[in-house]
Amino acid sequence: MYKVVILDLDGTLVRTHIDWESIREKIREILGLSKDAPLKPIATTVIKYYSKNEKFSNVMELIESEELRSIESAVCPSEIPELLRKLRECNYRVALVTLRSWRTTEPLLNKAGIQGVFDLIITRDDAADRTSQLLKVMEFFKVRREEILFIGDWVGDVEAGRSAGIKTVIVEGPEVVVDLITNLLANCRHVEG
């Protein structure tokens with residue numbers, strides 16, 4: 001039985017519209033990289049490999065400005081805030097991991113109506129890669145790996161979950177998260193009832 005549910009933000013809880021490929025092209029130009037230089041995940045790669053580059057702060061400003069811009073059109077299913085609250089009422093600990101900065105995470109949480117529903121929030125300001133973020137959550141809650149469920153939305157989340165040794169489920173958007181949480185809550189009622 002799971003005790004901790006970890007959720008990614010963009011693409012998992014909230015749909016945001018950012019043209020990451022266009023941003024990658026701009027970053028390659030700014031940093032003088034070849035057109036096929038991999039930049040996935042974008043902020044993690046920039047921080048890991050280019051933090052000493054004189055244009056690093058310009059690149060991070062570009063990423064943050066796009067993240068901030070995306071908030072206006074972000075969409076979160078109306079059921080998600082209540083479902084997250086119910087998870088906590090069922091004694092699940094709920095954590096959020098995001099490769100956004102805190103500066104761009106906080107207003108997105110407010111827009112989605114999910115501020116204040118997490119026991120722990122880890123942003124790229126705390127750890128710039130997903131595996132490190134998951135390990136920080138594990139350390140914070142002090143639970144066994146098999147008691148954690150991580151819900152993300154891309155192959156990098158699978159790799160990070162595998163590296164951290166935790167069960168990982170990949171979803172194709174927030175609507176699937178609604179179903180997953182509903183199922184967790186049904187099991188919770190069954191166990192407690």
Side-chain angles (χ1 to χ4, degrees), residues 1-16 41 43-44 47 67 74 76-193:
M1 175 111 171
Y2 300 115
K3 293 182 178 179
V4 175
V5 178
I6 306 171
L7 296 131
D8 172 42
L9 184 56
D10 290 81
T12 302
L13 288 175
V14 178
R15 283 199 188 279
T16 52
T44 300
I47 292 167
E67 290 171 341
C76 178
S78 59
E79 307 94 329
I80 284 188
E82 184 61 24
L83 288 171
L84 292 174
R85 283 190 265 289
K86 285 181 178 179
L87 269 180
R88 290 181 71 199
E89 289 169 9
C90 267
N91 295 320
Y92 284 97
R93 305 302 298 271
V94 183
L96 177 78
V97 292
T98 179
L99 294 176
R100 284 178 171 261
S101 66
W102 176 249
R103 180 173 171 251
T104 68
T105 297
E106 185 177 33
L108 182 54
L109 295 178
N110 289 330
K111 168 107 191 300
I114 54 176
Q115 71 284 13
V117 299
F118 299 100
D119 296 294
L120 179 65
I121 297 172
I122 303 288
T123 70
R124 73 169 171 249
D125 301 329
D126 304 300
D129 69 90
R130 181 67 83 219
T131 302
S132 297
Q133 290 181 338
L134 295 174
L135 294 173
K136 280 185 172 290
V137 173
M138 291 169 56
E139 182 181 320
F140 180 84
F141 289 118
K142 299 185 182 349
V143 295
R144 296 187 322 266
R145 294 174 196 277
E146 58 271 12
E147 296 174 319
I148 299 173
L149 174 64
F150 171 45
I151 303 171
D153 72 320
W154 74 293
V155 68
D157 290 331
V158 172
E159 294 163 4
R162 188 176 298 129
S163 293
I166 61 176
K167 171 73 173 173
T168 303
V169 175
I170 297 304
V171 297
E172 292 183 10
E175 299 77 17
V176 180
V177 174
V178 168
D179 294 337
L180 279 172
I181 295 175
T182 300
N183 287 338
L184 285 172
L185 291 170
N187 290 336
C188 176
R189 280 199 232 32
H190 177 67
V191 169
E192 291 181 355

Original post:
Passes salt bridge (Lys or Arg N to Asp or Glu O under 4.0 Å), Arg85 versus Glu82? Steps please.
Top reply: CA-CA 5 Å; Arg85 283 190 265 289; Glu82 184 61 24; 3.7 Å; yes
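Inter-residue side-chain proximity for Ser101 and Thr123 is flagged as unmet; no heavy-atom pair is nearer than 4.5 Å. In this structure, the side chains of Arg145 and Met138 come closer than 4.5 Å at one or more pairs of heavy atoms. Gln133 places a side-chain heavy atom less than 4.5 Å from the side chain of Leu99. Side-chain contact check for Ile148 versus Leu134: every heavy-atom pair is 4.5 Å or farther apart.
Note that CD of Glu89 is 9.0 Å distant from CG of Leu185, once rounded to the nearest 0.5 Å. One finds the CD1 atom of Ile181 at 11.5 Å from the SG atom of Cys90 (value rounded to the nearest 0.5 Å). To the nearest 0.5 angstrom, Tyr2 atom OH is 10.0 Å from Glu146 atom CD. To the nearest 0.5 Å, atom CG of residue Leu96 and atom CD1 of residue Ile151 are 11.5 Å apart. Glu172 contributes atom CD, which lies 10.0 Å from atom CG of Asp153 (distance to the nearest 0.5 angstrom).
Trp102 and Pro107 make their closest contact through O-CD, 4.3 Å (heavy atoms, listed as atom of the first residue, atom of the second, distance). Counting all heavy atoms, side chain and backbone alike, Arg88 lies closest to Gly116 at NH1-O, 3.3 Å.
Ionic pairing of Glu139 and Lys136 is not present here: no N-O contact between side-chain nitrogen and carboxylate oxygen is shorter than 4.0 angstrom.
Of the listed residues (Ile114, Leu13, Leu109, Val117), just one forms a side-chain contact (heavy atoms from CB on, under 4.5 Å) with Pro81, and that residue is Ile114. Partner of Phe150 under the side-chain contact (heavy atoms from CB on, under 4.5 Å) criterion, chosen from Asp157, Leu7, Val137: Asp157.
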Which donor-acceptor pairs under 3.5 Å do the side chains of residues 161-169 make with protein atoms, sequence neighbours left out?
residue	atom	partner	partner atom	Å
Ser163	OG	Glu159	O	3.1
Thr168	OG1	Ile166	O	3.2

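Under the 3.5 Å distance criterion, the side-chain polar atoms of Asp119 are matched with a main-chain donor or acceptor of Val94. The backbone N or O of Leu180 sits nowhere less than 3.5 Å from a side-chain atom of Asn183 that would complete a donor-acceptor pair. Under the 3.5 Å distance criterion, the side-chain polar atoms of Lys111 are matched with a main-chain donor or acceptor of Ala74. The backbone N or O of Ala128 lies less than 3.5 Å from a partner atom in the side chain of Thr44, making a donor-acceptor pair. Between the side chain of Glu175 and the backbone N or O of Pro77 there is no donor-acceptor pair closer than 3.5 Å.
Under the side-chain hydrogen bond (donor to acceptor under 3.5 Å, both in side chains) criterion, the residue pairs touching residues 3-13 are Lys3-Glu147, Asp8-Thr12, Asp8-Arg130, Asp10-Thr16, Asp10-Arg100, with sequence neighbours excluded.
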